[in-house]
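Beneath this line is the structure, given in structure tokens, with notes to follow.
Naming: A, B, ... by sequence-line order, numbering from 1 per chain.
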Number of protein chains: 2
Amino acid sequence: MPSRETCWKKGFSLTTIYDIAKRAGVSSATVSKVLNGYPDVNRETRARVEAITQELGYKQNAVARGLATKRSMTIGVFFRDHANSGLRHPFFADVLASFKDVIGVAGYDLLFFANNAPDNVHSGYEDRARHRNVDGLLLLGVWRTDPGLEAISRSSIPCLSVDLDLLGPRASYLVSDNVDGAKKAVDYLVQCGHTRIAFVGDRFSTKPGHDRLVGYQQGLEHNGLLFRHEWVLDGDFTEEGGRFAMERMLELPDLPTAIFFAGDMMAIGGMELLKQRGYVIPEDFSIIGFDDIVMSSHLSPALTTIRQKRGEMGTRAAQELLELIHKPGKPPSGVVVDVELVARETVRIVCADSSSSLASSDFFEKSGQACDVDAVEQVCVTHSAEE
Amino acid sequence: MPSRETCWKKGFSLTTIYDIAKRAGVSSATVSKVLNGYPDVNRETRARVEAITQELGYKQNAVARGLATKRSMTIGVFFRDHANSGLRHPFFADVLASFKDVIGVAGYDLLFFANNAPDNVHSGYEDRARHRNVDGLLLLGVWRTDPGLEAISRSSIPCLSVDLDLLGPRASYLVSDNVDGAKKAVDYLVQCGHTRIAFVGDRFSTKPGHDRLVGYQQGLEHNGLLFRHEWVLDGDFTEEGGRFAMERMLELPDLPTAIFFAGDMMAIGGMELLKQRGYVIPEDFSIIGFDDIVMSSHLSPALTTIRQKRGEMGTRAAQELLELIHKPGKPPSGVVVDVELVARETVRIVCADSSSSLASSDFFEKSGQACDVDAVEQVCVTHSAEE
DNA sequence: ACGCCGTCAGAAACCGCTTTCGATAAACAT
DNA sequence: ATGTTTATCGAAAGCGGTTTCTGACGGCGT
């Protein structure tokens, strides 16, 4: 047996299972068995080994273990940081926080891919995941247009993406019920008496952006309202985008009375511009957002919005990913968590008439305007391309 | 030579350096040398190996490499999550984001300690760092009172803490210039004509809380103002804490005209309460915060505050940590980044007199009231204990 | 021809831990 | 007494790399 007593890292000695083994007069295999709770070791031996483990303050080396077992007990995290939408984004930070909590009690640590060394920049998700030997992957803030998605969805690495409906043999996803949320927003506006409702979305590179648009459209239809493509603008999910969209909206000859922003940051930008131009909310324009970021409740007027349950999203995401990891058989189906409207102060109540008979108002028109999803998207893309 | 051709993890085969070696007709040692840029390998051999590496789509296994080299190219991150002050906190999320960017181009990934499995809960920082074999450590949101600090500061693991002046052979820190920031706040209030300035801080378990109090006290002294301990309250760095402190403050017989909150969230809580009670800001009370979180500029009135340069903090933290890692010799000294006042709308200008002759006002009193740091802290601790 | 040196490869010993599988001995059954 | 379990343990072969050290080989000076 080679002498394996100590190892050095920058002048520091680690205690290994060999140290324990020697001291206990057993083999390293036995120590390993004790440490991992295998049954085939004598009561007394076990006790002795455990005592010595304590005494020596032994800590397992996760790297060596990972090499031997091919499980690292880490979850890799890709957190795309484009345009403020990364770690900085209060939304993702929150879901990540609760994700971390539940994945943590399952014994996992999180590995954030940050490495952008020149030779690594263009490695795909899968390569980098395998490089670090992570047991699962969490994708946050990745765009639908990301070219690496296809590959990772087909790979055998358990992978959960949020805000992106990635499905595969070991890939699942978590989203809010964005379509429903958008419908709720429109319904609420309609209930408050609005019929002229505009939409500000993103550049359609995100799943939520897409779905909220769809929901908006469905909400309109459901309430018998006409879809007007000039009332659909691109806001890029940023404050500046929202501000800019609002600016453009004001140039329209025919103005809406309410604007549904597909994200709170955009709504904030829009409101800012409105105030700046001397309009008052909600008297001149009603605003409704989506997300319910913390800031929303602190604005004045406080923003009416659709709340995504961030804590629950993180928890459910973690649970789903753990299933993906531990139950290889079960075909994943994605999880969607519901949203809720939180009514605050940015929507003006136009008429007290809350009977849903509004649906049969004069605005009802089944026009030639195409209303199916893809057509809607077409319109929008064209529209945003104009710019 | 044993047959080492492939490895399986859940049904997937990895290509190893042995595969490359065989294909290239060389030994694994040579492949390793090529991959690591050692000079003692022939031009042609190198080319051949590189070609095959490409062809086979080989990706190095960081775990195996880590075991062999004792360097993992990961930075461990402890992110304490007490009372909203963790990942959820917009402040830390921001510095972390820019930290990640620069540490990333140096080739490192980030390892977030999340593992809270029952047998792991009470392991110290050092144990967990060694367990994962991280090359360095970043401590965020850790309290001064944390019992594990002492140990990690003495250890040989490069460790950088933010908002906490931890120093040791391989331990350094990064803080904002909190004392100066607080003085700036007080100076500004004084310049605006205020002389009755209160302070709301945290429970003094944090370094910034402590330093801002010191700065407040120094600012007072510098401007010849009397330190009144009843005007120093505990706000816990949370919104609720700020609200509660404000509530208590209003019960005072003798009210200040301006309140300096040591954190924006507390200021927000305080303002909320004030509005609720029918006061108007800044007419009735002037408010100044500390941090400049994104929300601050969106409030109305927009919060005047001391800005911490979060991006710069992250960058500098990363640089400092990289030095700690790569230059074992250099004794660390900590880095402090400056702050700036951003004047917005929550401070009322009482008199236009901006001559600093205010310093010689009637309020000047070198009273028996002890003014050195520790005494100040005493007062506060006592005060918060009352509660 | 001889010794020396620089270049290039590879054998082999790790790194610290897991896991299979066979050995041993005691306990049990026949 | 003999064959069979059962409980307990350890040797050894990995996991996928790195790194030292030895050696082969060709060229070169003398």
Side-chain angles (χ1 to χ4, degrees), chain A residues 1-10 12-22 24-49 53 56 58-73 130-133 135, chain B residues 1-10 12-22 24-49 53 56 58-73 130-133 135:
Chain A
M1 189 193 309
S3 86
R4 299 238 209 172
E5 289 154 45
T6 50
C7 110
W8 294 81
K9 170 166 179 174
K10 296 157 191 170
F12 199 89
S13 79
L14 277 194
T15 61
T16 73
I17 55 171
Y18 288 90
D19 298 317
I20 299 178
K22 193 161 76 167
V26 298
S27 78
S28 70
T30 303
V31 176
S32 175
K33 286 175 185 170
V34 170
L35 263 31
N36 292 291
Y38 279 62
D40 65 333
V41 35
N42 185 292
R43 205 183 208 73
E44 293 171 22
T45 316
R46 179 182 302 276
R48 190 152 32 97
V49 169
T53 301
L56 263 44
Y58 169 81
K59 285 290 161 183
Q60 202 184 53
N61 181 326
V63 177
R65 181 174 218 261
L67 181 57
T69 61
K70 299 180 155 312
R71 267 170 295 108
S72 60
M73 295 307 281
R130 291 198 190 286
H131 173 68
R132 285 294 186 186
N133 207 337
D135 297 338
Chain B
M1 191 192 306
S3 86
R4 298 240 212 170
E5 288 153 45
T6 48
C7 111
W8 295 82
K9 167 167 180 172
K10 295 155 192 171
F12 198 90
S13 79
L14 277 193
T15 60
T16 73
I17 56 171
Y18 290 89
D19 299 317
I20 299 178
K22 193 161 77 169
V26 297
S27 78
S28 71
T30 303
V31 176
S32 176
K33 287 176 184 170
V34 170
L35 262 32
N36 292 290
Y38 279 62
D40 65 334
V41 36
N42 186 291
R43 204 185 208 72
E44 292 171 22
T45 317
R46 177 182 303 276
R48 189 151 33 95
V49 169
T53 301
L56 261 45
Y58 168 81
K59 286 289 161 183
Q60 200 185 54
N61 181 327
V63 177
R65 181 174 218 261
L67 181 57
T69 61
K70 301 179 154 311
R71 266 171 295 108
S72 60
M73 295 309 280
R130 291 199 190 286
H131 174 68
R132 285 294 186 186
N133 208 326
D135 297 338

Please tell me if [X] has a side-chain N or O lying less than 4.0 Å from either OP1 or OP2 of [N].
| X | N | result |
| --- | --- | --- |
| A/Thr30 | D/dG10 | yes |
| A/Thr45 | D/dC9 | yes |
| A/Tyr18 | C/dC17 | no |
| A/Tyr38 | C/dC17 | no |

For this session: Return the minimal non-hydrogen interatomic distance between A/Arg132 and A/Ser72, and the atom names on each side.
Result: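 Scanning both residues completely, I find the closest heavy atoms to be O-OG, 4.3 Å.
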Exercise. For A/Leu35 and A/Tyr58, which heavy atoms make the closest approach, and how far apart are they?
Worked result: CD2-CE2, 3.5 Å
Exercise. More 5' along DNA chain D: B/Ala64 or A/Pro39, using each one's nearest nucleotide?
Worked result: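 Looking at the nearest nucleotide for each, A/Pro39 comes out on the 5' side.
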Seminar exercise, completed: With the side chain defined as heavy atoms from C-beta on, A/Tyr58 is closest, among C/dT19, C/dC17, D/dT18, to C/dC17
Exercise. Which nucleotide, D/dT18, C/dA9, D/dC15, lies nearest any side-chain atom of B/Gln60?
Worked result: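 That would be D/dT18.
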In whole angstrom, give the distance that lies between atom [atom1] of [X] and atom [atom2] of [N].
| X | N | atom1 | atom2 | answer |
| --- | --- | --- | --- | --- |
| B/Asp40 | D/dT19 | CG | C1' | 10 Å |
| B/Asn36 | D/dG17 | CG | P | 11 Å |
| B/Asn61 | D/dG17 | CG | P | 5 Å |
| A/Asn133 | C/dC17 | CG | P | 17 Å |
| B/Ile17 | C/dG10 | CD1 | P | 13 Å |
| B/Arg130 | C/dC15 | CZ | P | 17 Å |
| A/Arg46 | D/dC9 | CZ | P | 9 Å |
| A/Leu67 | C/dT19 | CG | C1' | 14 Å |

Scan [X] against the nucleic acid and name what it touches under 4.0 Å (heavy atoms): base, sugar-phosphate only, or nothing.
| X | result |
| --- | --- |
| B/Val26 | sugar-phosphate |
| B/Asn42 | sugar-phosphate |
| B/Thr69 | sugar-phosphate |

Exercise. Does A/Lys70 make a side-chain donor-acceptor contact with the base of D/dG14, cut-off 3.5 Å?
Worked result: no
Seminar exercise, completed: Result for 5'-nearest mapping on DNA chain C, choosing between A/Lys33 and B/Arg43, is B/Arg43
Problem set entry | First of A/Ala62 and B/Ala29 reached from the 5' end of DNA chain C, by closest nucleotide | B/Ala29
For this session: Please report the C-alpha distance between B/Val34 and B/Thr45 in whole Å, then the side-chain angles of each, then the deciding distance to 0.1 Å, and finally whether the side-chain contact (heavy atoms from CB on, under 4.5 Å) criterion is met.
Result: CA-CA 9 Å; B/Val34 170; B/Thr45 317; 5.7 Å; no
Exercise. Does the pair B/Gln60 and B/Asn36 meet the rule for a side-chain contact (heavy atoms from CB on, under 4.5 Å), with working shown?
Worked result: CA-CA 11 Å; B/Gln60 200 185 54; B/Asn36 292 290; 4.2 Å; yes
Exercise. Between A/Ile20 and A/Leu56, is a side-chain contact (heavy atoms from CB on, under 4.5 Å) present by the stated rule, with each step listed?
Worked result: CA-CA 8 Å; A/Ile20 299 178; A/Leu56 263 44; 4.2 Å; yes
For this session: Give the C-alpha distance, both sets of side-chain angles, the deciding distance and a yes or no for side-chain contact (heavy atoms from CB on, under 4.5 Å) between B/Val26 and B/Val31.
Result: CA-CA 7 Å; B/Val26 297; B/Val31 176; 3.9 Å; yes
